[in-house]
Structure formats: C-alpha cells, structure tokens
Amino acid sequence: MTKLKYERPLIKRLENAMPNKFGMRTEFVPKTHIDNVAVKDIIEEHGSPVYVISESTLRKTFRNAYRAFSTRYPKVQFAWSYKTNYISAVCNTFHQEGSWAEVVSGFEYDKARGNGVDGRYIIFNGPDKTEDDLRMAIKNKSLIHIDHLDEYYMILNLVEELNIRPQVAIRVNMDTGIYPMWDRFGFNYENGQAWDALNKIMMSKKMDLIGLHAHIGTYMMTAEPYGVAATKLADLAVGLKQKYDHYVKYIDLGGGFASKNTLKGAYLPAEDTNPTFDDYAEAITSALLNSNIHPDHLPTLILETGRALVDDAGYLLGTVIANKRSSTGKRTTVLNIGVNLLFTSFWYDHKITPAQEFSHHVEDTVLYGPLCMNIDVIRDNASLPPLSKGDNVVIHRVGAYNMTQWMQFITLRPKVVMITEDSKVEVIRKGEDMSSISNFEKIPEHLSTFEL
Ligand SMILES: *Cc1c(COP(=O)(O)O)cnc(C)c1O
C-alpha cells in the first residue's frame, strides 16, 4: 500500500451561504487517465506541460454534430475552421470525417492545401485576402467569400487576367438580436449593402455566385439567432431566384456554437446551460425548411463549426511548482502552465482536476502560472484539494484556439500528443527547442561579440 500523503491540519470557517442553489461546485474528481492512457505515463514520456488531443473525442463530437444536422436537413456539409486548431493531425481527422476546410488567411489556405485538401473544398473567408491569395484561390476553384467591395473589384480585375470564372459567395452581417452586432465583416443585410453586392456580382456576369454566408458571432449561448440568420439568408436566396432566376448552391451559417466551457462569472456550468448541437440544428434547419426556397432547389447547408467540435478533445497536463499563502491567507498554487499556453483562461473558468488521488478536504485556491507577470492567472478561484509540489493537474476543454493563439514568451511551446483510437500516444507537434527561436534571428556583424 502506498503511504498516504501528510496534509497539515487546517481550521476552516463554515460557510452559511451557498454560492448557488446547487451548492458548492467542486472539481475534485481525479482525472488519472485519458482514453485509458495514464496521465502520469504521458508526462513521464513527453514532459510537462504537454497538450493532449483525444482522437476518439474528436470523431465522436463530429459525428454527433453531423447527426444533429443531417437527420433534419437533406444536404449538410461541414468545413473545418482552421484558425480554431490547425495542427495537421487534428485537421486531417476532421477531413477523414468528411469536412472541407475553412480558412481565413493565405497561410491557412496553404496549410489546407499542404494537408491535401483539393482547392474546390476550401472556403476562403476573411477581410485580408491578398491579390496573390485570390489568384491562387480562383485558379484552384476555391469558394471565395467576399468580405467587402474592395475585394470584389480585386477579383473582377483578376478575371480579366486569368480568364477563369471565380466561384464566389458574399458574407452577410445582420441583426440577429445579439449585441454588439458583428457588423465589421461582410455586407449588411438591413441597410441594403448585401443586395448592392449581390446586384453588382450578378450584373457583372463574370463570376459564379454560388453561396451566401454568415458567421454571426462566437460562443453563442442561444440558438435562436441562428434561426434569424438562416431566415435572412434564405430571404436573399429567394430574392435572387425572383430577380435573376438564379439558385445558390449553398447557404453557410458559419461557426460560433458554444462549447461546454464555462465563461468567467457564469452562474451555472455551461454543460447545463449551453445549447446542444440539436438545439442549433433545429433552429437553423427549420428556418431553411420553412422558408420560401423551392424544395427541389434546397441549397446545401454548410457549417464552419470550430470550438464546439474541438474543445472537449483537448487537455493540457501540467505540474505544481509551489504553494504559498497570499497576504490574506488564501491558498496559492503555482503551476508550470501560464497564460501564454492557455489564452482561453482569460475568459473561461477552465475545469481543472488533480491527476492523482487525494483526501476529501477542499479549499478555495488561486492558480498562478510561472510567467513573471501579474496577469498570469489560470484560475482566480478554484475549489481544489491541496496540491503538493510535483503533483500533476489536468486542464480540460482546451482544444479550441489555444494551439493557434499560444505565445512563445520566456519559454518554449511544449509538445502536442494525440491519443489515437487504439490508445497509442503519438507526437503530433514536436516541442520547440532553442533552434525554433535562434534559427529566425540574425545578429549584425558589429554585435556579434562583446567583452564583459
Ligand atoms: C472563427 C470562425 C469560425 C469558427 O468559429 P467558432 O466560434 O470556433 O465555431 C467559422 N467561420 C468563420 C468565418 C470564422 O471567422
């Protein structure tokens, strides 16, 4: 039998007011294994901190989302949002499940091509497509979602040069009842900009208008706005048929479905409150089916879901560096994971659990990272059992945006491993080393030496 750890006795004030009607939220079920692989083994082999992606969770989540839509609507296509997580093994898992690619920069476009995605299955979004990007996208017959008229005119010029008909859609922004409105991308529905762009495209007769797109926001905590957006896009589609006898091939409702991460300050855990894929699917598909689009010409429904597909599959494993008491006596634990690796800790209360067994005592704890900066707070307040130096922790639901927005600050980015469906641990991104930094630097001759 392993010897139990000594914990010093502690007198705790009894709280007579509960934080909410469900009582204290505790986070003290140990997470010792991920997909049957021991957390300790992963850390021993790959170091700490280390990111872990669960392939089976990726696939399970994707299939659940696809089921929610495809059981309600005849033609459904997902396109993986590269900026949410563009580690190739993650992208390719979604591509194997049938997802196209959704990219927002020339870099992401190249990454999708590098992964083997045919240009015809790449949706090119975003306000900053260069002339070279557009030339490449037109040649590859990619789906170009026009963001502004300057881009439209750039494409028009390229038509002269290339003599190829670009495949285009417009991005539409609109009032869906969510404020502040995301009106900086695309053409506005209410003020007529969207029709202005559609008319210009149709009158030019130089490009194929194949779709209508909206991405109304991110981490949308209700499904209804998607119904409003789908209704407005369907209305444009019906108008195009009336005015130009033209059918669009697809309506793209973008991404933005909330994951199960809980926002800071939320009263209840997001698992209990956020809509499910079925809720979003019901709002979108019923709006399309109830529209006046002719049933023989229903457009394909495209979804660019990012965070809701990948968040649950990502874990970040780390280690306790030290414990101390703050000036007010609050328990303070320093982890080897900083906000440089966990960008989303700025707005989520990430679920954090110890990776080993412990006693039942819990205490409100502040979790700091190792960066020498005051903003480096992983959790302001987590109800955790006491963790000792060397103990391991598992941070849950970190699959979205962290592996694209992480910063190389005073330390190097760690490895990312994937637990495959047959429980093998594969490195899918190497840990950085000094050469990752120094290979990019140049020292001018006169600064190459010094004496101290
Ligand atoms: C970021 C983005 C997405 C993905 O958003 P999530 O909130 O991660 O689902 C989809 N489409 C566009 C155009 C985006 O910019």
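Order of appearance sets the numbers: ligands from 1, and atoms from 1 within every ligand. The figures that follow rest on heavy atoms only: side chains count, while hydrogens, waters and symmetry mates do not. One is the number of the first residue; the rest follow in order along the sequence.
- In terms of polar-atom proximity, defined here as any N/O pair under 3.5 Å, Thr305 makes no such contact with ligand 1.
- Here the protein heavy atom with the shortest distance to atom 8 (O) of ligand 1 is Tyr401 OH, 2.6 Å.
- Residues Ile321 and Leu335 come closest through the heavy atom pair CD1-O, 3.4 Å.
- At least one N or O atom of Gly306, backbone or side chain, sits closer than 3.5 Å to an N or O atom of ligand 1.
- Of the polar atoms of His213, none of the N or O atoms is found under 3.5 Å from an N or O of ligand 1, judged by distance alone.
- The minimum heavy-atom distance linking Ser54 with Tyr315 is given by the pair CB-CE1, 4.5 Å.
- Protein heavy atom closest to atom 11 (N) of ligand 1, with residue, atom name and distance, is Glu304 OE1, 2.6 Å.
- The shortest N/O to N/O separation between Tyr219 and ligand 1 does not fall below 3.5 Å.
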Verdict with supporting geometry, Phe94 and Trp100, ring-ring contact (aromatic ring centres under 6.0 Å, His included): CA-CA 8 Å; Phe94 289 123; Trp100 294 355; over 10 Å; no
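- Within the cation-pi definition used here (under 6.0 Å to the ring centroid, within 45° of the axis), Lys129 qualifies as a partner of Phe124.
- Looking at Thr218 next to ligand 1, an N or O pair under 3.5 Å apart turns up.
- The shortest N or O to N or O distance between Lys83 and ligand 1 is under 3.5 Å.
- Heavy atoms from both the backbone and the side chain of Arg307 come within less than 4.0 Å of ligand 1.
- Panel note: side chain Trp195, backbone Tyr189; no donor-acceptor pair is recorded below 3.5 Å.
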